*Asks:* 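Okay, handing you the structure first.
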Amino acid sequence: MSDRTIEVGVFVALMAVVVLAGFGAARWRAPDNPHTLEEWGVGGRAFGNWTIWFLLGGSMYSAYTFIAVPALTYGVGAIGYFAVPFAVITTPFTFIFTTKAWSVARRHGFLTHSEFATARFGSPGLGALVAVTGILATIPYVAVQLVSLQAVLRTVGFGGEWPLLAAVTVVSICTFRSGLRAPALLSIVKDVLLAWMLLTAVLMVAMYGGWDSAFDGAATRFAATPNPADGLLLPDTGHLGFLTLVIGSVLAIFAYPHALLGMLAAKDRATIRRNAAALPIYCIALAIMAMLGFFALSRGVRPADGDLNTVVPQMIHEFFPPWSAGIAYAALSVAALIPASVMSIAAATTFTRSLYRPYLRPNATQATEAKVSRWVSLIVKFGAAALILAVDPAFSVDLQLIGGVVILQTIPTVLLGLITRWFHRAALISGLIAGLAVGVVMLYLTPRLDGAGRTVAEHFGGSSWSLGDGRSIYVGIVALVVNLVVTVVVTLVLRVAKVPSGADQTRPDDYLADADDPYMQRLDQLIDGLPRADENPGRPREGVR
């Protein structure tokens, strides 16, 4: 039996187990009434410590993380390591801001950022704009996961379009049936497989001379390239770009709909805090994967057809034992399918709760909401698949950069809104639109350069804007600064003009509420109607949405 046959056999067998687990997830902790958006979209808000741990790791540390980050360190060196400090800084932000978001969402029954924006600033229009922005930013992010999956399938030997479409079809059926329970259960499988892959990778590096040898070999190869910006250390002109990319990535991750959705599945605030404290464990795995890019470069691994996304799969094929390579391929594939599923569920939930119900069918039942979300989640996944099949895969990866710039423009509303509602709703809308316009124009005007600095494409060449002196800055940060300036100025003008702002439907104690709060409401109660004020005399009616 050939090595390739063993690789493919192990890979196919493990993926079959994953598919069966995905189909069986519908019966895992099955609720009495599964036909509600709360049950399908956030697992009934009942996941405990271990389930949330695996779910967050599965949705936030995706195949793009484990494939694209080492591809970046392979291609450009130290700049690719931005993901490590970004992941580390994410932890305290999660501890502080996500608990606030969980509490206010749990008390009011929110499932999306846009619902919070509507209630916080008294503006359905702002909520709808946040919803549209979130969906538009999520679709290219799903596409990036599928690009990573396609790179794995190509390395295994499944070329062409049909393997990708088959994988998307299978995972779509799983999530259509099981909702968030499918990626939550599969995240456990994914982490077990990834742990084995990382252990094998560390042993592999040790067998070939250790990290010293890998760094020495990578440094030699970087020194031979015509690109002055690559290398094991950042150039003097690279610090600003690196720092702004880290800050922008930290802020963006909290604004994506799927990041909030995973947190809302937690049963209480303590679950969020414990998982935030433990997230640095994933940062260790990320750091190891980033260094594997240097190892692959030092050992002369060549990407298939020049696609840097295939560097890690190619390295696995060349240096792992065949049976272990099959395990690693399965780990990377599941790591692509899980976040794609969670992202599509989040985008579908956002559409249903913030666009479909308010504007198309205000009297929709809970069952109708769940049904619409299921079908929209299919549209999102297959739309993302069509996107990467219609354009150059390298350009599909660039689309994620656009997604990051786009989602950053909701930060004043969805993140700063957790702290203050001083901003005027009209100012937030103005700032968001201004930030989007500036960000997209800057991305469009950014040329794509080759390794020697020559222009190979006029537009959408990356997310870094050249300052003309060798330095660059992340476009998303520039657009966000414009957004904030416009928001503050317009707010001041409207305050001076005494233009009334929307009513805040939240209260300060909403941001501290826990699962045992006596006023905590389930989603069905919030949809069917709240108790009258005289039935809850301890809480004024106007303080509850």
Side-chain angles (χ1 to χ4, degrees), residues 10-26 28 43 51 54-68 138-156 158 161-194 197 256 258-259 261-262 309 312-313 316 326-348 374 377-389 393 396-397 400:
V10 173
F11 169 72
V12 171
L14 288 175
M15 292 306 295
V17 172
V18 167
V19 170
L20 292 176
F23 280 109
W28 176 49
T51 305
F54 289 114
L55 178 61
L56 291 181
S59 59
M60 298 178 72
Y61 290 84
S62 63
Y64 183 70
T65 302
F66 295 114
I67 288 180
T138 298
I139 291 177
Y141 210 164
V142 177
V144 169
Q145 307 305 320
L146 300 183
V147 167
S148 300
L149 175 61
Q150 191 176 46
V152 175
L153 294 174
R154 186 190 310 166
T155 305
V156 174
F158 299 131
E161 300 175 355
W162 70 266
L164 177 64
L165 295 176
V168 173
T169 299
V170 171
V171 75
S172 297
I173 295 173
C174 290
T175 52
F176 187 92
R177 169 184 168 87
S178 306
L180 194 66
R181 285 179 170 80
L185 183 60
L186 294 182
S187 293
I188 301 175
V189 179
K190 168 248 185 185
D191 273 12
V192 172
L193 297 177
L194 271 178
M197 184 187 78
Y256 277 108
H258 70 276
L261 197 73
N309 289 314
V312 169
I316 289 171
I327 296 176
Y329 293 146
L332 294 174
S333 298
V334 177
L337 294 174
I338 290 172
S341 299
V342 177
M343 291 171 190
S344 65
I345 291 172
R374 284 186 168 100
S377 72
L378 296 183
I379 295 173
V380 171
K381 281 191 281 286
F382 281 101
L387 183 65
I388 67 172
L389 294 177
S396 297
V397 174
Q400 194 273 336

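Heads up: numbering here begins at 1 and tracks the sequence. Just so we're clear, the structure is a prediction, and the values are computed from it rather than from any experiment.
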*Asks:* Starting at CZ of Phe54, measure out to CG of Leu185 and round the result to the nearest 0.5 Å.
*Replies:* 10.5 Å
*Asks:* What are the two closest non-hydrogen atoms of Ala151 and Asn309, and how far apart are they?
*Replies:* CB-O, 3.6 Å
*Asks:* What are the two closest non-hydrogen atoms of Val19 and Cys174, and how far apart are they?
*Replies:* O-SG, 4.1 Å
*Asks:* Only pairs under 3.5 Å count here: list side-chain donor-acceptor contacts from residues 166-173, not counting sequence neighbours, and write none if there are none.
*Replies:*
| unit_1 | atom_1 | unit_2 | atom_2 | d |
| --- | --- | --- | --- | --- |
| Thr169 | OG1 | Leu165 | O | 2.7 |
| Ser172 | OG | Val168 | O | 2.6 |

*Asks:* How long is the span from the CZ atom in Arg374 to the CD1 atom in Ile379, to the nearest 0.5 Å?
*Replies:* 14.5 Å
*Asks:* If you define the side chain from C-beta out and look only at heavy atoms, does anything of Val312 sit under 4.5 Å from Met197?
*Replies:* no
*Asks:* With heavy-atom distances below 4.5 Å as the criterion, would you say the side chains of Ile139 and Met343 are in contact?
*Replies:* no
*Asks:* If a pair satisfies side-chain hydrogen bond (donor to acceptor under 3.5 Å, both in side chains) and one of its residues is in residues 326-337, list it, with sequence neighbours excluded.
*Replies:* none
*Asks:* Which atoms form the tightest heavy-atom contact between Ala182 and Gly22, and what is the distance?
*Replies:* CB-O, 4.1 Å
*Asks:* Restricting to non-hydrogen atoms, name the atom on Ala328 and the atom on Ile316 that form the minimum distance, rounded to 0.1 Å.
*Replies:* CB-CD1, 3.7 Å
*Asks:* Can you tell me how far CG of Leu186 sits from CG of Leu337, rounded to the nearest 0.5 angstrom?
*Replies:* 8.5 Å
*Asks:* Identify the two heavy atoms, one from Leu14 and one from Ile327, that lie closest to each other, and give their separation to 0.1 Å.
*Replies:* CD1-CA, 3.7 Å
*Asks:* With side chains defined as the heavy atoms from C-beta onward, is the minimum distance between Leu55 and Val342 less than 4.5 Å?
*Replies:* yes
*Asks:* According to side-chain contact (heavy atoms from CB on, under 4.5 Å), who are the partners of Val189, at least two apart in sequence or on a separate chain?
*Replies:* Val18, Leu193
*Asks:* Any idea which heavy atoms bring Gln145 and Pro339 closest together, and the distance?
*Replies:* OE1-CG, 3.5 Å
*Asks:* Find the distance between CG (Leu146) and CZ (Phe382) and round it off to the nearest 0.5 Å.
*Replies:* 10.0 Å
*Asks:* What residues, two or more places apart in sequence or in another chain, satisfy ring-ring contact (aromatic ring centres under 6.0 Å, His included) together with Phe176?
*Replies:* Trp375
*Asks:* Any side-chain heavy atom of Trp162 within less than 4.5 Å of one from Leu153?
*Replies:* no
*Asks:* Partners of Ser341 by side chain to side chain donor-acceptor pair (under 3.5 Å), sequence neighbours excluded?
*Replies:* none
*Asks:* Rounded to the nearest 0.5 Å, how far apart are CD1 of Ile338 and NE2 of His258?
*Replies:* 12.5 Å
*Asks:* Under the side-chain contact (heavy atoms from CB on, under 4.5 Å) rule, collect the residues that match up with Val192, sequence neighbours excluded.
*Replies:* none
*Asks:* Kindly indicate whether the side chain of Val142, heavy atoms from C-beta on, has any atom under 4.5 Å from the side chain of Val380.
*Replies:* yes
*Asks:* I want to check something: taking the side chain as every heavy atom from C-beta on, are Val152 and Ile67 in contact at a cut-off of under 4.5 Å?
*Replies:* yes
*Asks:* So how far is it from Leu194 CG to Leu332 CG, rounded to the nearest 0.5 Å?
*Replies:* 6.5 Å
